[in-house]
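Read through the structure below, which is laid out as structure tokens, and then see the notes.
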Amino acid sequence: MGTVREDVAANTDIWLAGSRLQSSRHVCAFFRTSDERYRVLLPFIKEGIERHERAFHIVDPALRQDHLHRLQAVGIDTAAAETGHQLEVRVWEDAYLRGGHFDQDAMLALIQEVLETGTTQGFPLTRLVAQMEWALEDRPGVNDLVEYETRLNYLLPRYGDPVI
Amino acid sequence: MDILRTHPMVIVGGILQENPFFVPPDEFLRELRGRRDLRR
């Protein structure tokens, strides 16, 4: 017998890129263009917002406004969603690159905190979407990214929240 | 390529699919440790 939240998460179909997500919800996504990225991700993001789930996004600081405009263009009231804690859009410097470098332990702790905050705030699910282009740059600590990503595979199955 | 091996699912060409290159974390961490030992 799971908790209510687990039951909701397990029984509600989550659609992404034309398919139903199964129990493995740690997804690596490659996009050739920004338009392709949003063509794939916007329906997934919008579905979550309409179901009153939480959306946590980590974006390139140079593209934060563009990201919000893309969400607004499909009818998401980003201001209301942010005020109601349903939507949080952080820039890399407030997530992966806090203190100017990538710290895998700090980031794993942040992801755990984000997913647990969603639960304590009463959201049935958190859909986490992160832009990762910073990893292609020569940032301090970036060499630990692979270890961080593999360690996420211990953490994420405990929650069931999709992480793209 | 290593990053691809850490994700059980992948979206390529706009299609979601199971990732045939995925390596479970126990095995991958062993591999990473092995590489570090080699560098010492």
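Protein chains get the first letters and strands the later ones, always in sequence-line order, with residue 1 at the start of each. Atom set for the values below is all heavy atoms of this structure, side chains included, hydrogens, waters and symmetry mates excluded.
- Heavy atoms closer than 4.5 Å to chain B are found in the side chain of A:Val40, but not in its backbone.
- When the side chains of ILVMFWY residues are joined at heavy-atom separations under 4.5 Å, either directly or via intervening members, A:Leu110 and A:Leu155 end up in a single hydrophobic cluster.
- A:Leu63 and A:Tyr96 are members of different hydrophobic clusters when ILVMFWY side chains are connected at heavy-atom separations under 4.5 Å.
- No continuous path of hydrophobic side-chain contacts links A:Phe30 to A:Phe44 [ILVMFWY only; heavy atoms under 4.5 Å].
- The structure places OG of A:Ser19 at 8.5 Å from CD of B:Gln17, a figure rounded to the nearest 0.5 Å.
- Neither the backbone nor the side chain of B:Asn19 comes within less than 4.5 Å of any heavy atom in chain A.
- The same ILVMFWY cluster, assembled from side-chain heavy atoms under 4.5 Å apart, contains both A:Val74 and A:Phe31.
- Using a 4.5 Å cut-off between heavy atoms, B:Arg36 touches chain A through its side chain atoms alone.
- Annotation: A:Arg32, atom CZ; neighbour count of heavy atoms from other residues, nucleotides and ligands within 6.0 Å does not exceed 12.
- Of all non-hydrogen atoms in B:Pro8 and A:His26, the two that sit nearest each other are CD-O, 3.3 Å.
- Heavy-atom pairs under 4.5 Å with chain A were tallied for B:Leu16, B:Val23, B:Val12; the largest tally goes to B:Leu16.
- Atom-to-atom distance recorded for B:Ile11:CD1 and A:Leu16:CG is 4.0 Å, nearest 0.5 angstrom.
- If you measure heavy-atom distances from A:Glu36 to chain B, the contacts under 4.5 Å come from the side chain alone.
- A:Asn153 places no side-chain N or O within donor-acceptor distance of the main-chain N or O of B:Pro24, the cut-off being under 3.5 Å.
- For the pair B:Leu29/A:Glu147, a side-chain contact is recorded, criterion being any heavy-atom separation below 4.5 Å from C-beta on.
- Note: B:Ile3 CD1 to A:Tyr148 OH = 10.0 Å, rounded to the nearest 0.5 Å.
- Counting only heavy atoms from C-beta outward, the side chains of A:Thr150 and B:Phe22 never approach each other to under 4.5 Å.
- No side-chain heavy atom of A:Val27 sits less than 4.5 Å from a side-chain heavy atom of B:Val10.
- B:Leu32 touches chain A through its side chain: at least one heavy atom from C-beta onward sits under 4.5 Å away, while N, CA, C and O do not.
- When hydrophobic clusters are built by joining Ile, Leu, Val, Met, Phe, Trp and Tyr residues whose side-chain heavy atoms come closer than 4.5 Å, directly or via intermediates, B:Leu4 is not grouped with A:Val163.
- To the nearest 0.5 Å, the span separating CD on A:Gln22 from CD on B:Glu18 amounts to 8.0 Å.
- Here B:Asp2 contributes atom CG and A:Leu145 contributes atom CG; the two are 10.0 Å apart, rounded to the nearest 0.5 Å.
- Other residues, nucleotides and ligands contribute at most 12 non-hydrogen atoms within 6.0 Å of the NE2 atom of A:His52.
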